[in-house]
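Within every chain, numbering begins at 1; the chains are lettered A, B, ... in the order of the sequence lines, protein sequences first and strands thereafter.
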Amino acid sequence: MRKEGARWRGRFCILNAARAFSIPSVGGEGRIGYITAKRVGGAVQRNRARRLMREAIRALAAADELPPGWDLVLIAQNAIVADDAGMAQVKDEIRWLLKKVNQANPAEPAKPATNR
RNA sequence: CGAGUUCGCUGGGCGGCCGCACGUUGUGCGCAAGCAAAGCGUGAGGAAAGUCCGGACUCCCCAGGGCGCAGUGCUGGCUAACGGCCAGGCGGUGAAAGCCGACGGAAAGUGCAACAGAAAAUAAACCGCCGUGGCUUUGGCUGCGGUAAGGGUGAAAAGGUGCGGCAAGAGCGCACCGGCGGCGCAGUGAUGCGUUGGCCUGGUAAACCCCACUGGGAGCAAUGCCGAAAAGCGCGGUUGACGCGGCCCGCCGACGCGCAGGUAGGCAGCACGGAUCGCAAGAUCCGAAGGUGCGUGGCAACGCGCAUCGCAGAUAGAUGGUCGCCGCCGGGUGGAGUAAUUCACACGGUACAGAAUCCGGCUUAUAGGCGAGCUCGAACA
């Protein structure tokens, strides 16, 4: 992901995105990973950050706002805990980051996922 | 009521909507492993934390003894065990309730003690005091001897105070006090009390050391089992290339079968165990760790008996997100009341912190709240 994907930085988290077929996958396409490093805080803070990001993605998926064919990695930033962000703020930011993903790499014809 | 102190408890609640993990039930799909959606049940803490002690459990090592190393260190008890807890003793501290203490040994040995001071440990004479000799310009100077009472130094100076005694002094003698030893009494004991003796041996052991007691090593990433893919080895001789190549044979590859190793990964450990019945799902019974309640023994820690429950198991790590209402705390504004107080409104805050094999402790973090005991002070009756 780090090599292949693009990367955008927000206030609460960093988004890494790569075409799902660019990396051989086992679990199918549209995978999402969350990174909450120790710099974010203790176990309580890291759990909080991960839950917020996961809940935001779930809400976006329910509203069908996730672009298909992308693998995503979300990296929590200090501010997500330090600034006491709510789920709505995190969701807005991820939506904004996803828009940038689409602008930078528009409408490629979806190739079939290269599942070995 | 105020100030202090000890012990114990608690550490948000309710409801929508949308989710997560595990278990389980029947259903659907699938040859199967399994995968789906649905129902039901369960789902973080007093510290889950630090990983500082002690156990359970697992593997490795293991004749017996010694040396070494590490830990503990008043006494008695509790406990599976402990460096933990309870009770007691002693010392320190506080006006008291209380709090604090690695609290064995310094007459086994070795070492160490800056600065100051004459001297810091087989005592010691700087000033001073006393005796005596010499010199003398009659102010003193000086030799020898005695002396630890006084001065001064220091964290610490060879028991303390008083009286006697003496040339001056000194446990030199006596009284009281302190310390040490013996004896008696009380106590399981630490120790306390009494009595007696000679007249006394400085500090430091979280310095080496001595004494007593305890301790094999490593840890759930322990350990056991299964085990891809790729590579490897063996066999087969269906097939292809090469060796003059049609057959045999050799060799290389494909294909098929097998093999060990044990990587990725998975399962067990690990989320109670066992027995009986049943094809199974499950049902019934018995019992453990542990929780709760009652009774009981003990000052207490804790033990015993009965009843009842017997309770999270993720694997980059589930136990949540969001909205509304309420509670609690804080100061503010306004109203009521002599006042304590109380009502309303908006605002701000609501901690520390997230299981990872499981228990018993310790330590540290923590907004706020509740209960009980004790001490001192003030006021009232």
**OP:** For G317(B), take OP1 and OP2 only and decide whether either is under 4.0 Å from a side-chain N or O of Arg50(A).
**Re:** yes

Original post:
Are any of Arg48(A)'s side-chain N or O atoms less than 4.0 Å away from OP1 or OP2 of A353(B)?
Top reply: no

[X] [atom1] to [N] [atom2]: how many Å, rounded?
X        : N       : atom1 : atom2 : result
Asp84(A) : G348(B) : CG    : P     : 13 Å
Arg51(A) : A318(B) : CZ    : P     : 6 Å
Met53(A) : A318(B) : CE    : P     : 12 Å
Glu55(A) : C18(B)  : CD    : C1'   : 7 Å
Arg54(A) : U322(B) : CZ    : C1'   : 17 Å

Original post:
Looking only at heavy atoms, what is the nearest atom pair of Leu52(A) and Gly86(A), with distance?
Top reply: CD2-C, 4.2 Å

Original post:
What is the minimum heavy-atom distance between Cys13(A) and Glu93(A), and which atoms define it?
Top reply: N-OE2, 3.0 Å

Original post:
Start at the 5' end of RNA chain B and walk down; is the nucleotide closest to Gly86(A) or to Arg58(A) reached first?
Top reply: Arg58(A)

Subject >> Same apolar cluster (I L V M F W Y, side chains within < 4.5 Å links), Val101(A)/Trp96(A) >> reply: yes

**OP:** Please test Met87(A) against Val90(A) for side-chain contact (heavy atoms from CB on, under 4.5 Å), starting from the C-alpha separation and ending with a verdict.
**Re:** CA-CA 5 Å; Met87(A) 198 273 279; Val90(A) 177; 5.7 Å; no

**OP:** Decide, for G282(B), between syn and anti: a glycosidic angle within 90° of 0 counts as syn, anything else as anti.
**Re:** anti

**OP:** Could you tell me whether A49(B) is syn or anti, where syn means a glycosidic angle within 90 degrees of zero?
**Re:** anti

Original post:
Rounding to the closest angstrom, what is the interatomic distance between C352(B) and C82(B) at atom P?
Top reply: 39 Å

Original post:
How far does the P atom of C141(B) sit from the matching atom of G154(B), given to the nearest Å?
Top reply: 29 Å

**OP:** Among Met53(A), Arg51(A), Gln45(A), Arg48(A), find the one that has a side chain to side chain contact (heavy atoms under 4.5 Å, CB included) with Thr36(A).
**Re:** Met53(A)

Subject >> Separation between CZ of Arg7(A) and CG of Asn16(A), rounded to the nearest 0.5 Å >> reply: 5.0 Å

Both distances below 3.5 Å, Watson-Crick or wobble geometry, any strand: find the nucleotide opposite [N].
N       : result
A207(B) : U110(B)
G143(B) : U132(B)
C304(B) : G295(B)

Original post:
Does the pair Leu74(A) and Leu15(A) meet the rule for a side-chain contact (heavy atoms from CB on, under 4.5 Å), with working shown?
Top reply: CA-CA 5 Å; Leu74(A) 286 162; Leu15(A) 176 67; 3.6 Å; yes

**OP:** Specify the residues of residues 36-47 of chain A, ordered by number, for which at least one heavy atom lies under 4.0 angstrom from an atom of RNA chain B.
**Re:** Ala43(A), Val44(A), Asn47(A)

